[in-house]
Every structure is written in structure tokens, then in C-alpha cells.
Trainee: 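Pasting a structure here, questions to come.
Note that the structure is predicted; figures quoted are calculated from it, not measured.
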Amino acid sequence: MVRLPLKNAYNVRELGGYPTSRGQITKHHSFLRADDLVNLDEKDIDYLRSYGVTAIVDLRSTLELNSHPNPFSKIDEVNYINISLMTDEAVSADLTKVMTDKPEQLLPNMYIEMVKGSTEVLKLIFEYFAEQEGCILFHCAAGKDRTGIVAMLLLGLAEVERQDIIANYMLTEVYIKENPFMQQATKHYPEFPVELMYSKPAYIEPVIDYILTTYGSVENYLLYIGISKDILASIKNKLVVGTLQPQ
């Protein structure tokens, strides 16, 4: 939905404003999805704090963290945590696959592996979400893959319609193209498949369908991986506003 007008981050967006299948709507100033924050200046940081951001969940690996430190890790007034959704080894392994696997194969497989193989990490992320008050920002590097999976799970928990979850993912591509750092990277590595920067429906649809087919709903999946009903209820209370429509 709404992209925040930051000067030095290009894919910081609201999860608020999406209608749910139960006649409610997702809240603004509750969850933000984002790309790398390393280049934020003081004005950008002040903007996010005035917007209500009180917690940052950094999904990047240790290697990424060391090369591009998060400015919020040094701000006492904001709760910062790094919970790597992909290890350095996994990131390296996927980079080797980039040159051989087609994106329409690589990305869906990677997303499904995240929800199948990173259950303990996802559990930690959602438990941390439930503990926080105020607006939570979660991010990775481009704000597309790891961030996209967490956004998909949050919107799915809120019972946002499938087509809106896909649209939320697709919008990433628009903003990645405007990121000068991503533009430089593609110039320096011309052999890198530019399609991996895209966020096509065909990339995210298989993981949504896998969860719905296997578990029946995103909430059932989150319960299956060990997140309690109380924690999910707390997150839904942060996520959704409005009176339920009669079923």
C-alpha cells in the first residue's frame, strides 16, 4: 500500500489499509515492511520514529549485518533485534543456484523451503512481534524475499484476500527499480539474472498455495509451527481494526 517518503530507503511500506475476508481492515502504523536501512540519514530516522516505529526486526544474515550495520542497533529508544531468516550458508548456496536455476523455479522453491525449514526462526519472529508495542518495522536487503514471506504470513493471518497478498508482493518490483544501489549492482554484475529482482505473481503463488493446501490457512500453519493461540490473537489485535461482518 502506502510507501513512506524516505530519502535513503526505497521500499518501506505500510501493511495497513488492506480489507480482510471478515469485513475488517489492517491497521496503519502497526507493521511496516522495508528494504535495507543502512543508508538512512538522521531525517529518515527521525521520520520513522515520529511515524511511531518502536521496534526493528532485521531479517538479514550475519554476513550482511557485518558489512551493512543497521543504524537502529545503536538507538536505545528503539527496540532492535536481528533474527536471521536465512543463514550465511543458505544465502551463499542460493547465490550459486542463481546462475543455473530459472527464477520461476528458484524463488518459489526458496520460499517454500523458508516456511518448511525455518519454522523455529519464524516462531521467534512472531513471538517478538507479539511482545512489542507501537509500530514494528521488519526488513531484509531488498525487502522482497525474506521480508515478502513475513509480510505474506502477517497478511494471511489477518485473512487478507489472496489476490491482495500477491499484489503486496508484486509492488516490490516497482520500488526496487528505483533503488540506485540495486541499479549499480546490476551494472557491476551483468551476468546476474535481472529477473531475480522482479516480484512476479508466479514467484509467490506456489508458497501461498502450499500453505493453504497443506494446512488450510496461514493461521493453522502458524499454530502448527508452535506459535500459541494467545500470541496469534495478540498479533491479530495489532494487525486488524474494525467490526466483524456477519458470516
Side-chain angles (χ1 to χ4, degrees), residues 1-6 8-19 26 31-39 57-61 64 68 84-86 90-91 94-95 97-116 118 122 125 137-158 160-187 189-212 218:
M1 282 299 215
V2 178
R3 181 185 65 85
L4 272 60
L6 302 176
N8 298 291
Y10 304 86
N11 190 22
V12 182
R13 290 186 275 133
E14 266 284 356
L15 289 193
Y18 286 96
T26 56
F31 285 94
L32 299 174
R33 58 174 296 169
D35 52 349
D36 202 341
L37 307 180
V38 66
N39 294 301
V57 179
D58 190 333
L59 304 172
R60 296 175 301 153
S61 70
E64 293 170 297
H68 294 88
S84 300
L85 190 48
M86 290 178 65
V91 171
D94 284 328
L95 286 176
K97 289 182 179 180
V98 162
M99 301 307 172
T100 56
D101 291 2
K102 294 180 179 179
E104 58 268 26
Q105 297 171 332
L106 174 64
L107 292 178
N109 289 339
M110 184 175 76
Y111 296 162
I112 290 173
E113 184 55 36
M114 276 190 209
V115 301
K116 291 173 68 175
S118 301
L122 289 168
I125 292 168
L137 182 151
F138 58 95
H139 78 96
C140 55
K144 180 174 78 75
D145 301 318
R146 291 162 286 186
T147 297
I149 290 300
V150 174
M152 178 270 292
L153 293 173
L154 281 169
L155 293 175
L157 178 62
V160 170
E161 298 280 4
R162 181 178 183 274
Q163 63 267 31
D164 288 324
I165 296 174
I166 294 169
N168 177 268
Y169 172 79
M170 290 174 62
L171 193 55
T172 299
E173 181 180 326
V174 175
Y175 297 123
I176 284 180
K177 289 179 178 178
E178 299 303 316
N179 186 331
F181 301 102
M182 292 295 176
Q183 294 170 3
Q184 291 171 14
T186 55
K187 288 180 181 178
Y189 301 98
E191 71 279 9
F192 188 86
V194 70
E195 292 85 358
L196 286 177
M197 297 296 182
Y198 298 165
S199 49
K200 297 179 180 180
Y203 297 171
I204 195 72
E205 288 170 337
V207 68
I208 296 174
D209 293 339
Y210 166 77
I211 290 174
L212 296 181
V218 168

Trainee: Taking Ser84's backbone N and O only, do any of them form a donor-acceptor pair with Ser61's side chain (distance below 3.5 Å, no angle check)?
Mentor: no
Trainee: Can you list the steps and then say if Arg33 with Thr172 is a side-chain contact (heavy atoms from CB on, under 4.5 Å)?
Mentor: CA-CA 10 Å; Arg33 58 174 296 169; Thr172 299; 3.3 Å; yes
Trainee: Can any side-chain N or O of Arg60 pair as donor or acceptor with the backbone N or O of Ala141 at less than 3.5 Å?
Mentor: no
Trainee: Is Met152 close to Ile208 at the side-chain level, that is, under 4.5 Å between some pair of heavy atoms?
Mentor: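 The answer is yes, as the side chains (C-beta and beyond) meet within the 4.5 Å cut-off.
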Trainee: Is the closest side-chain heavy-atom distance between Ile204 and Ile165 below 4.5 Å?
Mentor: no
Trainee: If you define the side chain from C-beta out and look only at heavy atoms, does anything of Leu107 sit under 4.5 Å from Met110?
Mentor: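 Counting from C-beta outward, Leu107 and Met110 do come under 4.5 Å.
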Trainee: side-chain contact (heavy atoms from CB on, under 4.5 Å), that's the test. Do Asp58 and His139 meet it? Break it down for me.
Mentor: CA-CA 5 Å; Asp58 190 333; His139 78 96; 3.4 Å; yes
Trainee: Which atom names give the shortest non-hydrogen contact between Gly143 and Asn11, and what distance separates them?
Mentor: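 In terms of heavy atoms, the two residues are closest at O-ND2, 3.2 Å.
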Trainee: Would you say the side chain of Asp145 lies within less than 4.5 Å of the side chain of Ile149, judging by non-hydrogen atoms?
Mentor: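 Counting from C-beta outward, Ile149 and Asp145 never come under 4.5 Å.
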Trainee: Measure across Ala158 and Thr26 and return the closest heavy-atom pair with its distance rounded to 0.1 Å.
Mentor: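 Closest approach of Ala158 to Thr26, heavy atoms only: CB-CG2, 4.0 Å.
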Trainee: Evaluate the side-chain contact (heavy atoms from CB on, under 4.5 Å) criterion for residues Leu37 and Leu137: first the C-alpha distance (whole Å), next the side-chain angles of each, then the deciding distance (0.1 Å), finally the verdict.
Mentor: CA-CA 10 Å; Leu37 307 180; Leu137 182 151; 3.8 Å; yes
Trainee: Closer than 3.5 angstrom, by distance alone: can the side chain of Thr147 be matched with the main-chain N or O of Cys140 as a donor-acceptor pair?
Mentor: yes
Trainee: At their closest point, which heavy atom of Pro201 faces which heavy atom of Met170, and how far apart are they?
Mentor: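 What the structure gives for the nearest pair is CG-SD, 3.4 Å.
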Trainee: Less than 4.5 Å apart, any side-chain heavy atom of Arg146 and any of Val150?
Mentor: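 Side chain of Arg146 against side chain of Val150, heavy atoms only: no contact under 4.5 Å found.
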Trainee: Does Asp35 reach the main-chain N or O of Tyr10 with its side chain, forming a donor-acceptor pair under 3.5 Å?
Mentor: yes
Trainee: If I compare all heavy atoms of Tyr169 with all of Lys144, which pair ends up nearest, and what's the gap?
Mentor: CE1-O, 3.7 Å
Trainee: Counting distance only, does the side-chain N/O of Arg13 pair as donor-acceptor with the main-chain N or O of Asn168 below 3.5 Å?
Mentor: yes
Trainee: Is a side-chain donor or acceptor of Glu14 paired with a backbone partner of Gly16 at a separation under 3.5 angstrom?
Mentor: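 Yes; at least one donor-acceptor contact below 3.5 Å.
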Trainee: Is any side-chain heavy atom of Glu205 closer than 4.5 Å to one of Arg162?
Mentor: yes
Trainee: What is the minimum heavy-atom distance between Tyr111 and Tyr203, and which atoms define it?
Mentor: CD1-O, 3.3 Å
Trainee: If you look at every heavy atom in Val115 and Leu122, which pair is closest and at what distance?
Mentor: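 Here Val115 and Leu122 meet closest at CA-CD1, 4.2 Å.
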Trainee: side-chain contact (heavy atoms from CB on, under 4.5 Å) for Leu15 and Phe138? Distances and angles first, verdict last.
Mentor: CA-CA 11 Å; Leu15 289 193; Phe138 58 95; 4.0 Å; yes
